[in-house]
Amino acid sequence: AQSVTQLGSHVSVSEGALVLLRCNYSSSVPPYLFWYVQYPNQGLQLLLKYTTGATLVKGINGFEAEFKKSETSFHLTKPSAHMSDAAEYFCAGGLEAAGNKLTFGGGTRVLVKP
Amino acid sequence: DTEVTQTPKHLVMGMTNKKSLKCEQHMGHRAMYWYKQKAKKPPELMFVYSYEKLSINESVPSRFSPECPNSSLLNLHLHALQPEDSALYLCASKREKGDTEAFFGQGTRLTVV
């Protein structure tokens, strides 16, 4: 079975500061990993994904994430926060053996202070 | 076209009503999903359709009845819902291959009164 854990349900950053959102997974086989962003009363939008190959993945809106197998982590970062980054962020994982089932972490709400 | 379209955007229904949520995509995706999302929580998987056949039912109560009439459409029929069923219902689709991402619709905000 696979699980995805996001450390910290809320993160507060100042505008221009580094954004770091943590995601860890547990499975016997490295999963496919995704970061999604959700704005209020909206659906989920893909920020980036890791499948195979390069472990540093760049996404939209200046976000990137690094897959670290040794740490079973897939943390999301952005060097400089913008007010528009205030949203809910979800890490999600999928396993080929699990068919098309995505497992979501609990989510992290990002607040950006001016 | 990379959109998943859900209708209606908002729905208020009584506990004795019958209503349906609709989802449509034209990306040729053969896996389609229904998720339920309560406030400040992650989406919870309800159903997965693969090639128009129900492949996963996460022990959802029978008052929720999914239907996949063709490869582009997904419906969720609602009957005799409870107030605790009020939530944002999200539809998603993806290609069958495991490493591809799911595309989400904007959701239907359902309120049961």
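In what follows, chains carry the letters A, B, and so on, assigned in the order in which the sequence lines appear, proteins first and then strands, with residues in each chain numbered from 1.
If you measure heavy-atom distances from A:Tyr36 to chain B, the contacts under 4.5 Å come from the side chain alone. Using a 4.5 Å cut-off between heavy atoms, A:Leu44 touches chain B through backbone and side chain atoms alike. Contact of A:Gln38 with chain B is made through the side chain alone, with heavy-atom distances under 4.5 Å. A:Gln42 touches chain B through backbone and side chain together, each having a heavy atom under 4.5 Å away.
When every heavy atom of A:Phe104 is checked against every heavy atom of B:Pro42, the shortest pair comes out as CB-CB, 4.0 Å. Residues B:Leu45 and A:Lys101 approach most closely at CD2-CG, 3.8 Å, considering heavy atoms.
Chain A forms the most heavy-atom pairs under 4.5 Å with one residue out of B:Arg109, B:Gln106, B:Glu58, B:Lys41, and that residue is B:Gln106. With chain A as the partner, the residue from B:Lys40, B:Glu44, B:Gln37 showing the most heavy-atom pairs under 4.5 Å is B:Gln37. Ranked by non-hydrogen atom pairs under 4.5 Å with chain A, the options B:Gly105, B:Gly107, B:Pro43 are led by B:Pro43.
Under the 4.5 Å side-chain contact rule for hydrophobic residues, A:Val4 and A:Val110 do not share a cluster. Hydrophobic clustering (ILVMFWY, side-chain heavy atoms < 4.5 Å, transitive): A:Val57 and A:Tyr89 are in one cluster. A continuous path of ILVMFWY side-chain contacts below 4.5 Å connects B:Met46 to B:Leu54, so both sit in one hydrophobic cluster.
With contacts defined as side-chain heavy-atom distances shorter than 4.5 Å, the pair A:Leu102/B:Tyr35 qualifies.
If you take CZ on B:Phe103 and CG on A:Leu46, they are separated by 7.5 Å, rounding to the nearest 0.5 Å.
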